[in-house]
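Here is the structure we will look at.
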Amino acid sequence: MNNARQIKHLYSRAGFGIRFKELHDHENASVKKKLKELFKNSEADQHITVITENIDLRPKTDDPEVKKKNQEDRNQQDKDLNVAWLKQMASSDAQLRERMTLFWHNHFACNINNAYHQQQLNNIQRTYALGNFKSLLTAVSQSPAMLQFLNNQQNVKGHPNENFARELMELFTLGIGHYTEQDIKESARSFTGWHFDGKTSQYTFVPRIHDDGQKTFMGKTANFCGEDIVDIILSNKQTAIFICTKLYRYLVNDTPDKTNINQMADVFYQANYEIKPLLEYVFLSDWFYDDKNIGVIIKSPAQLLVSLTRQFYIDYHNPDVLLQFERTLGQVLFKPPNVAGWPGGRAWIDSSSLMYRIKIASTLLNAGVIDFTGKATPEDEAFLAATHKQQFNVIKRTQAVPDWGRFLQDIPLDMPRIQVAEFMLEPKLNQTVIDEVNQAPDIKSMVIQIASTPEYQLC
Amino acid sequence: MKRRDFLTKSMLASGAFMLPAFLKPFEALAMNDITGHKNLVVIQLSGGNDGLNTIIPYCNDIYYQKRKNIGIKVPDVITLNDMQGLNPNLAALKELYDQGWMTIVNSVGYPNPDRSHFRSMDIWQTGSDSNQFLTTGWIGRYLDASRQTLKNPYTAMEVDDTLSLAMKGEYMKGIAVSDPNKLFQTTREPFFKDIVRDHEAQHLSEENLGYLYKTMIETYSSADYIQKTSKTYNVTAQYPTTGIGYQLKNVSKFINSGLETRVYYVSLGGFDTHAGQQGQQGRVLKTYADAVAAFVKDLKQTGKLDDTLIMTFSEFGRRVEENASAGTDHGTASNVFLFGGKLQKPGIFNDAPDLSDLENGDLKYKVDFRDVYANVLDKWLDVNNGEILGKQYQGLGLV
């Protein structure tokens with residue numbers, strides 16, 4: 001049986017898309033075997049280490065020149081971290097780990113002006129990406145980035161700050177409607193004393209500011225500490241349902257399916273919130289490979305950039321261009337709009353962002369030109385002539401270098417065009433796309449055309 | 001349809017064959033559905049504009065006590081009434097004020113204010129409570145509510161390269177157009193033109209792929225319409241050669257050419273004045289005021305001022321007390337300005353901010369911004385505000 005479609009689907013959801021080579025290396029391998037390989041390749045937990053200085057530790061100053069320099073350095077760090085991760089997602093063999101890190105990046109959304117702490121949080125999310133959710137939740141909650149972002153540094157005995165307690169339940173675990181305002185107030189007291197040491201950037205518990213009185217949380221009364229609250233929240237199966245719903249929308253389909261989600265939640269809950277068995281369950285379920293779940297999720301801007309970069313081995317001589325793309329497409333990594341993260345799905349798409357999206361492939365791959373030999377009206381000719389004239393400027397600005405040699409080398413010589421197109425697009429080909437594919441002047445032009453279709457926006 | 005057939009038929013139909021034929025009826029319909037065409041122009045000041053140094057409470061001693069370095073001195077203030085006056089850099093607005101074309105609403109904000117730029121801007125753009133996360137904007141939801149009659153993305157247009165959250169609804173979204181020619185050019189890519197043809201039966205399903213094709217076709221058709229319509233009018237009035245001047249000049253072109261757009265959205269940044277505020281804020285306020293004055297006078301000249309309402313807001317005001325760097329830090333309530341020929345209560349709408357009754361050094365809001373929106377929605381955009389804002393707001397007698 002030819003299971004190329006299933007394997008492609010698996011790679012598009014458990015990674016950032018498949019390369020020709022990856023499909024043909026093990027033709028006819030079972031989905032199960034491929035999945036095993038994905039997990040195996042994701043055992044490596046490669047940390048990002050590009051940020052080496054915590055700029056917060058520089059001496060306080062009122063000197064405007066020094067302040068300006070500090071801010072410039074911060075901006076540079078933001079850029080470096082962003083690009084380092086984007087490149088890692090595109091080049092790493094640990095595809096599933098990076099793909100899940102991106103999920104947790106949005107689930108535990110954090111936006112602070114400190115790249116050093118952001119990097120630390122990103123590495124935590126990577127380490128536990130396929131591990132245990134409780135360990136992940138705890139490590140994230142105790143990271144300097146999150147303690148700062150959700151104001152737990154200001155949460156002290158006698159003056160509780162409820163920000164962390166609220167988001168913990170609303171966004172990280174239970175979801176809105178499954179706790180009371182009283183639960184927030186009481187649990188906030190339990191998290192007093194969860195602190196980080198500004199000098200070492202390490203979590204530390206400060207007993208002196210911890211409220212050790214009685215708290216009533218979710219119907220139970222005791223001298224609860226923060227860890228107890230986490231345990232109570234996780235003992236509520238709603239947490240498993242909430243996480244599985246989000247994960248289903250990320251990995252399977254934008255439209256939640258209650259039956260499938262409940263099955264996932266059963267697995268997750270019974271596995272004590274271990275993430276790996278949950279993912280195995282999803283990727284080995286028959287329903288995961290149903291037609292209605294293939295090629296229907298809108299790629300996030302990060303995913304789109306990463307999949308293009310990965311598939312075409314693009315090298316960026318001017319990494320600023322990546323940030324520019326992220327900004328125009330509406331997703332700058334490490335800068336989510338708020339604690340709820342990016343809404344995703346159709347929210348990525350509006351008239352302007354869609355036009356940018358379908359223009360990006362040709363910008364990166366061919367200096368903005370989509371060669372076209374269809375009907376040639378004078379208007380078209382004029383347009384193409386103008387874009388060709390612009391090519392040099394586009395090259396100067398983007399400085400993106402795809403490795404066409406490597407890309408084309410991977411494609412078997414005798415592979416029919418239609419199969420190449422089917423390989424690159426998750427949705428089924430419609431007649432228009434088939435026509436374009438058959439009429440494209442050469443294979444390179446054809447591939448650029450394919451990457452410039454609405455279909456290519458889906459995975 | 002074969003490529004050759006398509007080509008022949010389109011060429012027979014007209015020279016403008018880039019527009020899929022089935023879209024035509026939409027446009028014809030929209031034309032008839034718009035009655036009493038009123039425009040709203042939203043101008044967003046990004047970064048948190050310091051309201052107290054914009055409309056100066058020059059008769060309040062506390063103001064000068066708290067702002068020893070950056071307070072605007074009495075002789076420099078352009079007096080409006082016996083309590084408040086304009087920052088001298090807003091001199092261009094004085095004439096509009098005197099003509100009855102300007103309303104100033106003091107102390108506009110919301111309960112439990114958030115001092116993060118991003119979050120507070122989201123709150124203003126979505127019209128949410130401060131602990132509520134909405135993924136649609138207030139104008140986007142207006143588009144959703146009106147989608148039976150106003151079907152085109154250009155019903156709401158942002159004069160920018162990207163679209164703000166304010167303009168995104170669940171079913172409908174506005175369109176971002178910084179330059180109609182540029183947008184037109186992008187959509188004319190021969191390859192794009194080719195793939196959007198004859199998709200009516202094939203793709204326009206409810207699925208995401210259908211949604212992508214639908215958006216692409218709409219963009220295509222909108223770009224064509226906007227470019228063709230707007231080029232029929234030439235703005236003759238003089239505008240300052242600034243970013244916002246250029247944007248408002250474009251809005252004037254759109255309005256005067258009869259574009260069927262109800263809401264325009266424009267932003268101006270540079271208001272986050274933590275240090276050296278007087279120079280920096282003065283510069284951006286002048287840029288703002290000169291452009292708005294040119295725009296309002298232009299509209300008056302062309303007879304469109306009575307049909308246009310301009311609203312200016314910022315995500316928050318700033319602390320009452322200046323900081324050690326001759327600047328101000330993030331604060332809470334600030335002022336909202338309205339301009340237009342049909343204002344119900346021109347002048348200063350409500351009391352000057354109370355500087356003796358603060359909360360942690362910040363102003364207490366007196367007017368909820370959603371009451372301003374409610375008024376605009378009810379009276380200017382003709383929709384029930386409760387439908388857009390999630391609950392019914394009283395509104396104000398502004399328009």
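Letters A, B, ... mirror the listed sequences (proteins, then strands); counts begin at 1.
For B:Thr187, the parts sitting under 4.5 Å from any heavy atom of chain A are the backbone and the side chain alike. Heavy-atom distances place no part of B:Ala275 under 4.5 Å from chain A, backbone and side chain included. Only the side chain of A:Leu458 comes within contact range of chain B, with heavy atoms under 4.5 Å apart. Proximity to chain A (any heavy atom under 4.5 Å) is restricted, for B:Asp122, to the side chain, taken from C-beta onward. Only the side chain of A:Glu167 comes within contact range of chain B, with heavy atoms under 4.5 Å apart. Contacts between A:Lys335 and chain B at a heavy-atom distance below 4.5 Å are absent for every atom of the residue. Both the backbone and the side chain of A:Ile349 come within less than 4.5 Å of a heavy atom of chain B. For A:Thr255, no part lies near chain B; criterion is any non-hydrogen pair under 4.5 Å. Contacts of A:Ile358 with chain B are made by both backbone and side-chain atoms, with heavy-atom separations under 4.5 Å. With a 4.5 angstrom heavy-atom cutoff, A:Ser353 does not touch chain B via any of its atoms.
Taking every heavy atom of both residues into account, A:Pro427 and B:Leu209 meet most closely at CB-CD2, 4.3 Å. Here the shortest heavy-atom pairing between B:Lys168 and A:Ala347 reads NZ-O, 3.7 Å. Between B:Phe118 and A:Pro337, the shortest heavy-atom distance links the atoms CB-O, 3.8 Å. A:Ser352 and B:Thr162 get closest at one heavy-atom pair: OG-CA, 4.3 Å. Counting all heavy atoms, side chain and backbone alike, A:Ile297 lies closest to B:Asn208 at CA-ND2, 4.4 Å. Between B:Thr215 and A:Asp350, the shortest heavy-atom contact is CG2-C, 3.9 Å.
The OG atom of A:Ser351 sits 9.0 Å away from the NZ atom of B:Lys173 when rounded to the nearest 0.5 Å. Atom-to-atom distance recorded for B:Glu189:CD and A:Met355:CE is 8.5 Å, nearest 0.5 angstrom. A distance of 5.5 Å separates CG in B:Asn131 from CZ in A:Arg166, rounded to the nearest 0.5 Å. We find the OG1-CG distance between A:Thr328 and B:Asp161 to be 8.5 Å, quoted to the nearest 0.5 Å. Distance check, rounded to the nearest 0.5 Å: CD of A:Glu170 to CD of B:Gln132 gives 9.5 Å. Of the inter-residue distances, the one linking B:Phe133 atom CZ with A:Leu171 atom CG reads 6.0 Å to the nearest 0.5 angstrom.
Side-chain atoms of A:Asn338 do not come within 3.5 Å of backbone N or O of B:Arg119 as any donor-acceptor pair. Judged by distance alone, the side chain of A:Lys359 and the main-chain N or O of B:Thr186 form no donor-acceptor pair under 3.5 Å.
Ion pairing between B:Glu170 and A:Arg346 fails under the 4.0 Å rule for side-chain N and carboxylate O.
Using a 4.5 Å heavy-atom cutoff, the side chains of B:Ile195 and A:Pro454 are in contact. The side-chain heavy atoms of A:Leu354 and B:Tyr213, taken from C-beta on, include no pair separated by under 4.5 Å. Taking the side chain as every heavy atom from C-beta outward, B:Phe192 and A:Ser452 approach each other to under 4.5 Å.
A:Lys68 NZ: 12 or fewer foreign heavy atoms inside a 6.0 Å radius.
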